[in-house]
Amino acid sequence: MTQEEIDKEYQQILEELGDPEIVSDSERFEGLLKRKSQLDRVLKEEATLEELKKQIAENQAILSAGEDQELLSLAVEDSRILRKRQKVLEDDLESLFREMEEVKKDSSLSSAAIIEIRAGVGGKEAALFADDLFSMYSSFARLQNWQEKILDSSSTELGGLKEIIFELRPSSKKQGENDVFGKMKHEAGVHRVQRIPETEKSGRVHTSTATVAVFKKPRGTGDFKINPGEMKIDFFNATGPGGQNVNKRKTAVRITHLPSGTVITSRAERSQLQNKENALAILAARLSEQKMLAEEASLSGTRKSQIGWAKRAEKIRTYNFPQDRLTDHRIKKSWHHLEGIMEGKIAPIIDELQKADSE
C-alpha cells in the first residue's frame, strides 16, 4: 500500500465511524475499528521510520565532511544502531501489511452469496432443470457446511421452478468453509441440459437451459447504502403454500429502485417484515454489483472477460444425460457420473474453475 492509499483509507474510515447509522451495524462497526487500529499502528511506525532515516542522513553528512574525528566515531556508532532499528521497523511494517491483507482477504471470503436461478429456453423441461440446479446447489451447500435461506421463488404446476433466489452463507469461521462467494461465483452463466424428458414417448433428446446469476451480498450498511427516498415499496397478497392466511394478508413485498428501474419481489416468508428484509438484501446485492461493474468499466474502458464473471447470455456448461457427461466450456473439461454431480458433488468442478481463474 502506498502512503496515499493509506491516508485515503484512513479518512474514509473516520468518515464512516462518524456516521450515526454505522453504530447499529455492530459487525461493520467492529471491523472499521479494527482496521483503524491497524492503520494507526502503520502511520505511527512509518513516522518513526522517517525520523530514523533523517537521523541516518544527518550522520552520513557528518561522515562525508570528515572534519572532527571524535564526531565521526560517534556518527558511525549512532548510524549502526539506527540502521538496526530501521531494519526492525521495516520488518514490522512488512509483517503488518501481510496481516492487513489477510484480514481483508478473509473479510472478502467470508461474505455470503445470493444465487438466482431462472428457467430459460425449453418450457416445462427448463423449469424442471432449474429445480434440479437448485437441488444440486442445496446439496453442495450442505456438504460445505453452509446455511441456506430462500429469499423468493416461483414454481410451475408440474413442480419445476420459474425462478428462485436464495442466500448461501457460512455457518462456521473455519478456514475453507467461509469462501462462499469465492466458490459460487464461477457458476454464473447459462447452463444447458440435454436429456430425454419423462413425458417424451419417442425417446427424443430435448435441449433446455437455465440461467444462474451469483451476487456477493454486502456485509452491512457500511458496504452499500440505499437511499430510502429512491425506493418505492408495495405490498401485495402472496400465492402458494400457506393456506388461507396467504391470501388474506399482504405479506409479499415489491421494491422498485427508481434511479435504476430495478424491481425486486419477495414472497417466500409469511412475515411482511421478513419479506421486506429479503427484498432489500437482493436489491443491495444487485446494485452493489452494478456499481462495481461501472467502476471497473470506467477504469479499464471495457470489462475484462473472466471465468468468474460469466454473463447470463454465455453458455458455460452442458449436462448431457444420455452420455452421462458434464462439460464446462470455459476450461474445456468434462466429468462423468452426472447422478453424483446432481446430488451436489461438484467440489472437483469448482476446484478446477478456481485453479483456472487464479492461473
Side-chain angles (χ1 to χ4, degrees), residues 109-120 122 125-153 155-156 158-195 197-198 208-217 268 307-308 310 315-331 333-357:
L109 295 179
S110 63
S111 59
I114 291 179
I115 320 294
E116 176 187 280
I117 303 174
R118 294 181 184 272
E125 179 64 12
L128 292 172
F129 180 50
D131 188 50
D132 290 340
L133 287 178
F134 170 61
S135 178
M136 179 181 76
Y137 292 136
S138 293
S139 298
F140 176 66
R142 286 193 294 273
L143 292 172
Q144 296 295 308
N145 195 31
W146 295 342
Q147 294 180 1
E148 176 188 282
K149 179 183 180 183
I150 296 177
L151 303 178
D152 190 37
S153 67
S155 58
T156 66
L158 294 178
L161 287 170
K162 295 178 183 177
E163 64 175 324
I164 187 166
I165 304 174
F166 58 102
E167 176 187 326
L168 295 179
R169 60 183 182 274
S171 57
S172 167
K173 293 186 177 180
K174 292 180 181 179
Q175 189 67 28
E177 291 182 359
N178 60 352
D179 190 2
V180 180
F181 178 76
K183 289 186 176 181
M184 294 302 299
K185 66 180 183 180
H186 301 301
E187 296 303 299
V190 175
H191 295 241
R192 181 176 68 173
V193 63
Q194 295 175 325
R195 63 185 177 186
E198 294 181 4
S208 306
T209 64
T211 60
V212 176
V214 182
F215 306 99
K216 183 175 181 179
K217 182 183 178 183
I307 286 177
K315 181 185 69 179
I316 64 166
R317 192 176 293 162
T318 296
Y319 303 72
N320 189 313
F321 279 82
Q323 298 179 18
D324 190 31
R325 182 184 68 234
L326 178 148
T327 300
D328 195 287
H329 304 292
R330 295 163 295 181
I331 56 176
K333 188 166 183 176
S334 298
W335 290 264
H336 291 278
H337 192 48
L338 270 177
E339 182 180 351
I341 289 172
M342 301 311 291
E343 290 175 351
K345 298 173 184 177
I346 59 174
I349 302 170
I350 288 177
D351 289 344
E352 286 291 332
L353 288 167
Q354 287 185 308
K355 180 182 177 182
D357 194 18

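The shortest heavy-atom contact between L151 and A268 is O-CB, 3.8 Å. The two atoms that bring I316 and H186 nearest to each other are CD1-O, 4.0 Å, heavy atoms only. Looking at every heavy atom in both residues, F134 comes nearest to F166 through CD1-CE2, 3.6 Å. Taking each heavy atom of D131 and G160 in turn, the nearest pair found is CB-CA, 4.2 Å. The heavy-atom pair separating L133 from A210 by the smallest distance is CD1-CB, 3.8 Å. The shortest non-hydrogen separation linking M136 to I346 is SD-CG2, 3.8 Å.
Here the side chains of K216 and K185 are not in contact, with every heavy-atom distance at 4.5 Å or above. For the pair E125 and R195, the minimum side-chain heavy-atom distance is below 4.5 Å. No side-chain heavy atom of K355 sits less than 4.5 Å from a side-chain heavy atom of D351. Put simply, the side chain of I115 reaches to within 4.5 Å of the side chain of L168, judged on heavy atoms. Side-chain atoms of M184 and W146, non-hydrogen and from C-beta on, do get closer than 4.5 Å to each other. Counting heavy atoms from C-beta on, the side chains of L161 and I117 never come closer than 4.5 Å. Two residues are said to be in side-chain contact when any heavy atoms from C-beta on lie closer than 4.5 Å; K217 and R169 fail this criterion.
In this structure, the separation between NE2 on H329 and OG on S334 is 8.5 Å, given to the nearest 0.5 Å. Rounded to the nearest 0.5 Å, atoms OH (Y319) and CD1 (I341) are 8.0 Å apart. Remark: Y137 OH to M342 CE distance equals 8.5 Å, nearest 0.5 Å. A distance of 4.5 Å separates CD1 in I331 from CG in L353, rounded to the nearest 0.5 Å. Within the model, atoms OG of S155 and NZ of K162 stand 7.5 Å from one another, a figure rounded to the nearest 0.5 Å. Considering OG of S138 and CD of E343, their distance stands at 13.5 Å, rounded to 0.5 Å.
In this structure a side-chain-to-backbone donor-acceptor pair under 3.5 Å is present from H336 to D324. Checked by atom type and distance alone, the side chain of E167 never pairs as donor or acceptor with a backbone atom of A112 at under 3.5 Å.
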R192/T318 under side chain to side chain contact (heavy atoms under 4.5 Å, CB included): CA gap, chis, key distance, verdict: CA-CA 5 Å; R192 181 176 68 173; T318 296; 3.0 Å; yes
Intermediate values then yes/no, side chain to side chain contact (heavy atoms under 4.5 Å, CB included), I164 and I150: CA-CA 8 Å; I164 187 166; I150 296 177; 4.2 Å; yes
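Annotation for K149: atom NZ counts as buried by contact number, over 12 foreign heavy atoms lying within 6.0 Å.
Under 4.0 Å is where a charged nitrogen must lie from a carboxylate oxygen, and between E148 and R142 no such pair does.
Looking only at atom types and distance, the side chain of R118 has no donor-acceptor partner in the side chain of T211 under 3.5 Å away.
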